[in-house]
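Notes for the one structure printed next.
Here the structure is a predicted model, which is why all the values come from computation and not from measurement.
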Amino acid sequence: MKTRTWTPPAPYDMGRTLGVLARGPGDPAYQVDPDGSVWRASRTPQGPGTLHLTDQGGGIHAEAWGPGAEWLLETLPALLGAGDDPGAFMPRHRLVHEAHRRHQGLRLARTGLVLESLIPSVLEQKVTADEAYRAWRLLLQQHGEPAPGPAPRMRVMPSARGWATIPSWDWHGAGVDGKRSAAIIRAARVAARLEEAAAMDDAQASRRLQAVPGIGPWTAAETLQRSNGAPDAVTVGDLHLPKIIGYALTGAGGMDDEAMLELLAPYEGQRHRACRLILLTGTRPPRRGPRFSVNDIRAL
């Protein structure tokens with residue numbers, strides 16, 4: 001076991017900062033203990049590693065195990081948002097101002113691991129969150145490996161080669177259609193090139209990811225928000241986000257991407273942070289119509 005302690009700026013909210021990395025409440029690679037400490041299992045450039053993070057008030061204490069332990073501790077400050085600059089954000093709406101005031105401890109996490117964020121984002125394309133989370137759990141349980149150290153029944157995701165060689169029946173059994181599985185396999189085959197995007201600016205990184213068929217602006221933004229801590233990577237092409245942003249900022253419903261981007265224009269350079277803060281308010285338009293239906297392809 002290796003250890004490190006990092007002292008964040010005050011105020012600081014580890015739970016809010018890292019919470020976006022979890023893929024559902026049963027994520028085999030991300031768990032939160034009752035005391036708020038966080039477990040993360042990752043496949044780093046040096047191999048599998050497990051990270052346990054505890055907020056001790058004056059600092060974040062980290063313990064790491066496995067071949068990737070040294071890499072996880074070296075990149076710990078970036079993961080916890082040390083490179084983020086919330087001071088660059090200027091609230092321009094009363095609701096955003098209040099959210100910014102209430103969540104001053106929020107930082108944008110940067111994992112530095114592209115494939116780790118890309119694959120679950122592909123799984124979330126055009127399906128419900130529950131379907132995507134279930135697929136992620138099953139695939140890690142079947143094709144991942146036990147996380148190093150004392151992690152509680154956690155799994156490290158497969159290597160790029162492991163993702164590329166998952167048989168079609170296991171994709172089907174996890175409820176993943178051929179379009180999404182093919183996109184993941186294509187991404188896995190060029191994983192080294194995609195990982196380079198972690199060191200690129202937002203626009204260049206987005207182009208690199210979207211060069212892979214099956215990865216569009218929505219998936220690229222969802223990935224870079226986590227791998228790069230990109231403050232301006234606003235998610236377009238989402239079924240719900242434009243309606244939520246539009247309702248929160250204007251009280252009107254039925255907004256589309258174009259209207260959402262117009263509303264977010266004053267936050268250019270910080271549009272993802274603005275969206276995060278708006279989502280934290282819990283403001284949602286009234287529900288009209290049925291929920292998005294679940295299509296279980298396993299029955300086909």
Side-chain angles (χ1 to χ4, degrees), residues 6-25 27 30-40 53-62 76-111 117 129 202 221-222 224-226 228-236 238 240-253 255 259-287:
W6 178 71
T7 302
Y12 182 75
D13 188 333
M14 185 177 75
R16 293 286 189 199
T17 297
L18 297 181
V20 294
L21 304 180
R23 303 293 181 161
D27 186 347
Y30 187 102
Q31 295 186 22
V32 181
D33 284 342
D35 65 358
S37 62
V38 172
W39 292 87
R40 255 177 59 80
L53 302 170
T54 305
D55 189 343
Q56 298 183 335
I60 307 298
H61 180 68
L76 178 68
L79 173 70
L80 295 172
D84 183 33
D85 181 17
F89 184 76
M90 180 70 69
R92 300 180 183 278
H93 185 281
R94 59 178 179 77
L95 180 140
V96 180
H97 185 278
E98 178 62 15
H100 187 247
R101 184 190 67 80
R102 294 182 60 185
H103 300 287
Q104 295 180 45
L106 174 69
R107 298 292 184 274
L108 300 182
R110 182 188 185 280
T111 68
S117 293
D202 291 1
E222 289 288 311
L224 297 176
Q225 289 163 9
R226 296 163 173 84
N228 292 30
D232 198 47
V234 60
T235 303
V236 295
D238 191 84
H240 304 292
L241 187 63
K243 298 179 179 64
I244 293 171
I245 300 301
Y247 183 78
L249 296 183
T250 70
M255 295 282 183
M260 177 183 71
L261 292 175
E262 184 176 344
L263 288 172
L264 293 174
Y267 301 105
E268 186 77 32
Q270 295 283 320
R271 292 176 297 178
H272 168 52
R273 192 190 309 276
C275 290
R276 282 285 305 277
L277 289 169
I278 291 168
L279 290 173
L280 284 173
T281 68
T283 304
R284 298 290 188 275
R287 186 179 299 279

>> Quick check against the 3.5 Å criterion: does Asp27 have a side-chain atom that pairs as donor or acceptor with the backbone of Arg23?
In response: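 Answer holds: yes.
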> When you measure from the side chain of Thr250 to the backbone N and O of Tyr247, does any donor-acceptor pair fall under 3.5 Å?
Replying inline: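 Here the side-chain-to-backbone pair does not exist.
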Looking only at heavy atoms, which two atoms of [X] and [Y] are closest? And how far apart?
| X | Y | value |
| --- | --- | --- |
| Ile278 | Ala248 | CG2-CB, 3.6 Å |
| Gly105 | Thr17 | O-OG1, 3.7 Å |
| Ala233 | Ala221 | O-CB, 3.9 Å |
| Met260 | Thr235 | CE-O, 3.4 Å |

>> Would you say that more than 12 heavy atoms from the other residues, nucleotides or ligands in this model lie under 6.0 Å from the CZ of Arg102, or not?
In response: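 No - once you tally the heavy atoms of other residues, nucleotides and ligands closer than 6.0 Å, there are 12 at most.
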>> Ile244 vs Arg284, test: side chain to side chain contact (heavy atoms under 4.5 Å, CB included). Steps then yes/no.
In response: CA-CA 5 Å; Ile244 293 171; Arg284 298 290 188 275; 3.6 Å; yes
Show me, pair by pair, the donor-acceptor contacts under 3.5 angstrom made by side chains of residues 82-96, not counting sequence neighbours?
residue : atom : partner : partner atom : Å
Asp84   : OD1  : Arg273  : NH2          : 2.6
Asp84   : OD2  : Leu108  : N            : 3.0
Asp84   : OD2  : Arg273  : NH1          : 2.9
Asp85   : OD1  : Gly87   : N            : 3.2
Arg92   : NE   : Pro266  : O            : 3.3
His93   : ND1  : Leu95   : N            : 3.0
His93   : NE2  : Leu249  : O            : 3.1

>> Is there a side chain to side chain contact (heavy atoms under 4.5 Å, CB included) between Val32 and Ser37? Walk through the geometry before answering.
In response: CA-CA 6 Å; Val32 181; Ser37 62; over 6 Å; no
Roughly how far, to the nearest 0.5 Å, is the [atom2] atom of [Y] from the [atom1] atom of [X]?
| X | Y | atom1 | atom2 | result |
| --- | --- | --- | --- | --- |
| Asp33 | Thr54 | CG | OG1 | 8.0 Å |
| Glu268 | Leu261 | CD | CG | 9.0 Å |
| Asp232 | Tyr267 | CG | OH | 13.0 Å |
| Leu277 | His97 | CG | NE2 | 11.5 Å |
| His272 | Glu222 | NE2 | CD | 8.0 Å |
| Ile60 | Asp55 | CD1 | CG | 3.5 Å |

Enumerate, atom names and distances included, each donor-acceptor pair closer than 3.5 Å involving a side-chain atom of residues 6-14, sequence neighbours excluded.
residue : atom : partner : partner atom : Å
Tyr12   : OH   : Leu80   : O            : 2.7
Asp13   : OD1  : Gly15   : N            : 3.2
Asp13   : OD1  : Arg16   : N            : 3.0

>> With side chain to side chain contact (heavy atoms under 4.5 Å, CB included) as the criterion, how do Leu53 and His61 come out once you've worked through the C-alpha distance, each side chain's angles and the decisive distance to 0.1 Å?
In response: CA-CA 6 Å; Leu53 302 170; His61 180 68; over 6 Å; no
>> Exactly one of Glu98, Gln104, His103 should register a side chain to side chain donor-acceptor pair (under 3.5 Å) with Arg101. Which one does?
In response: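 Of the listed options, the one satisfying the test is Glu98.
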> Can you list the steps and then say if Leu79 with Arg110 is a side chain to side chain contact (heavy atoms under 4.5 Å, CB included)?
Replying inline: CA-CA 5 Å; Leu79 173 70; Arg110 182 188 185 280; over 6 Å; no
>> Please tell me whether Gln225 and Ser117 have a donor and an acceptor in their side chains that are separated by less than 3.5 angstrom.
In response: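 No pair is found: no donor N or O on one side chain lies under 3.5 Å from an acceptor on the other.
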> Taking side chain as C-beta onward, heavy atoms only, is Thr111 less than 4.5 Å from Arg40?
Replying inline: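 Result yes, sub-4.5 Å side-chain heavy-atom pair found.
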